[in-house]
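Structure, as structure tokens:
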Amino acid sequence: MGTPNGLAFPGVRIHLTVRRRRPPQNGRRDKELPDMRNTTPPSAGPASEFSRIVRADAVHRDGDLVETIEATEAERKALAERFELEGIGRLTARVRLRSVRGGEMVRVEGELEADVVQTCVITLEPVPAHVSDRFGALFAPESLVPSEEDEIEIDPNIAEEDIPEAMTNGRIDIGELTAQHLSLALDPYPHAEGVAFDGYSEGEEEEEAAAPTDDDAGADPEKPNPFAVLERLKRQN
């Protein structure tokens with residue numbers, strides 16, 4: 001007989017409840033999805049600064065689709081503000097979309113190139129940088145993506161890009177996907193040329209505070225531990 005959360009003995013079969021956070025549409029979560037066949041799709045929240053929509057049915061029809069996208073000056077300015085950059089001079093991506101899993105899902109593979117200007121974490125000077133990154137994702141209809149209350153078995157060896165993300169009304173925004181991976185590819189600690197920076201480490205401040213200084217050289221030696229003295233007296237007796 002199984003125990004709560006799917007734990008059972010013998011055999012030790014483990015089920016994990018995976019709760020996925022989805023942004024509610026229009027600030028709320030509907031209990032039932034409306035019939036979308038003869039209605040206008042609802043708003044999916046704030047529009048992306050860099051949106052390039054590809055319909056899944058076009059990918060399934062062609063089997064393999066390649067798109068080359070480039071951000072406009074206005075889009076680059078908006079993305080720079082979103083990612084707290086001083087500027088983005090160029091952002092392009094080549095994205096391949098393939099129909100997979102018997103035409104039920106869409107595999108996305110992309111390569112992005114960007115020229116950005118970050119801020120030095122030491123001097124606050126502008127730091128120009130070239131960003132190049134590869135990314136991947138798997139998209140599926142909402143009906144095939146586990147909901148917050150579903151219990152599914154998790155394979156620890158599965159790659160993150162093999163976990164399907166839900167498509168909204170059969171649409172994939174490869175521009176927003178590119179923007180998200182640009183953010184992940186940015187240097188978290190940009191520093192100007194010639195400025196030494198080894199990054200932050202936990203406990204660094206505590207170690208520095210505990211390190212002895214020249215002023216401590218003439219300080220009184222540490223008092224002996226009374227319990228250690230008592231233990232030595234016991235051994236002598």
Side-chain angles (χ1 to χ4, degrees), residues 18 20-23 44-56 59 64-98 100 105-140 145 154-168 171-202 204:
V18 177
R20 294 173 178 265
R21 292 187 177 272
R22 296 183 186 175
S48 169
E49 296 85 349
F50 180 36
S51 181
R52 298 292 187 274
I53 301 296
V54 176
R55 296 197 59 85
V59 180
D64 197 328
L65 191 64
V66 176
E67 295 282 345
T68 300
I69 59 177
E70 182 171 1
T72 65
E73 181 179 357
E75 290 169 335
R76 296 195 306 270
K77 182 177 180 180
L79 285 173
E81 182 177 352
R82 170 180 169 183
F83 299 143
E84 298 182 349
L85 300 172
E86 297 198 19
I88 301 178
R90 181 177 67 97
L91 173 59
T92 63
R94 185 178 185 274
V95 184
R96 181 187 181 192
L97 303 96
R98 294 183 292 118
V100 297
M105 302 185 185
V106 175
R107 169 76 66 185
V108 179
E109 298 168 327
E111 299 179 3
L112 69 86
E113 299 279 343
D115 294 320
V116 305
V117 180
Q118 297 181 264
T119 304
C120 177
V121 296
I122 303 297
T123 65
L124 302 183
E125 297 178 33
V127 182
H130 178 75
V131 180
S132 178
D133 191 36
R134 293 185 178 185
F135 58 89
L138 182 65
F139 288 90
V145 177
I154 298 297
D155 183 354
N157 298 317
I158 191 171
E160 183 176 355
E161 62 187 38
D162 290 327
I163 300 176
E165 301 179 33
M167 293 183 286
T168 302
R171 296 151 59 93
I172 302 172
D173 194 340
I174 59 176
E176 172 60 20
L177 185 64
T178 299
Q180 292 176 6
H181 283 274
L182 169 62
S183 174
L184 295 173
L186 293 172
D187 184 354
Y189 305 117
H191 56 280
E193 185 177 356
V195 176
F197 180 68
D198 297 328
Y200 299 107
S201 61
E202 295 183 3
E204 183 176 354

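We number each residue from 1, following the sequence as shown.
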For this session: Drop me the distance from Ser48's OG to Leu79's CG, to the nearest 0.5 angstrom.
Result: 7.0 Å

Problem set entry | Arg134 side chain near Glu111 side chain, heavy-atom distance below 4.5 Å | yes

Exercise. Between CG of Leu182 and OG of Ser132, what distance do you get to the nearest 0.5 Å?
Worked result: 11.0 Å

Problem set entry | Nearest heavy atoms of Ala192 and Cys120, plus distance in Å | N-SG, 3.2 Å

For this session: Taking all heavy atoms of Tyr189 and all of Val121, pick out the closest pair and write down the distance.
Result: CA-CG1, 4.1 Å

Problem set entry | Minimum-distance pair of heavy atoms, taken over all atoms of Pro164 and Ala140 | CB-CB, 4.0 Å

For this session: Compute whether any side-chain donor of one residue and acceptor of the other, for Glu113 and Thr92, lie under 3.5 angstrom apart.
Result: no

For this session: Kindly compute the distance separating CE (Met105) from CD (Glu165), expressed to the nearest 0.5 Å.
Result: 12.0 Å

Seminar exercise, completed: Correct closest heavy-atom pair for Ala56 and Val106 would be CB-CG2, 4.1 Å

Problem set entry | Arg76 side chain vs Ile88 backbone, donor-acceptor pair below 3.5 Å | yes

Exercise. Measuring from Leu112:CG to Arg94:CZ, what's the distance to the nearest 0.5 Å?
Worked result: 13.5 Å

For this session: Report the distance from atom CD of Glu109 to atom CG of Leu138, rounding to the nearest 0.5 Å.
Result: 10.5 Å

For this session: Check Ala129 against Gln118 and note the closest heavy-atom contact, atom names and distance.
Result: CB-OE1, 4.2 Å

For this session: Flag yes if more than 12 heavy atoms outside Arg82 fall under 6.0 Å of its CZ atom; otherwise flag no.
Result: yes

For this session: State which residues pass side-chain hydrogen bond (donor to acceptor under 3.5 Å, both in side chains) with Gln180; sequence neighbours excluded, sorted by chain then number.
Result: Glu176

For this session: Please say whether more than 12 non-hydrogen atoms of neighbouring residues, nucleotides or ligands are located less than 6.0 Å from CD in Glu86.
Result: yes

For this session: Check for a donor-acceptor pair, side chain of Arg52 on one end and backbone N or O of Thr68 on the other, with a separation under 3.5 Å.
Result: no

Problem set entry | Spacing of CG belonging to Leu177 relative to CZ belonging to Phe139, to within rounding of 0.5 Å | 5.0 Å

Exercise. Can you find a pair of side-chain heavy atoms, one from Leu186 and one from Leu85, that are under 4.5 Å apart?
Worked result: yes

Exercise. So with a 6.0 Å cut-off around CZ of Arg90, is the heavy-atom count from everything else above 12?
Worked result: yes

Seminar exercise, completed: In short, Val131 meets Ala185 closest at the heavy-atom pair CG1-CB, 3.6 Å

For this session: Check Asp133, Asp173, Ile69 against Thr178 for a side-chain contact (heavy atoms from CB on, under 4.5 Å) and give me the one that passes.
Result: Ile69

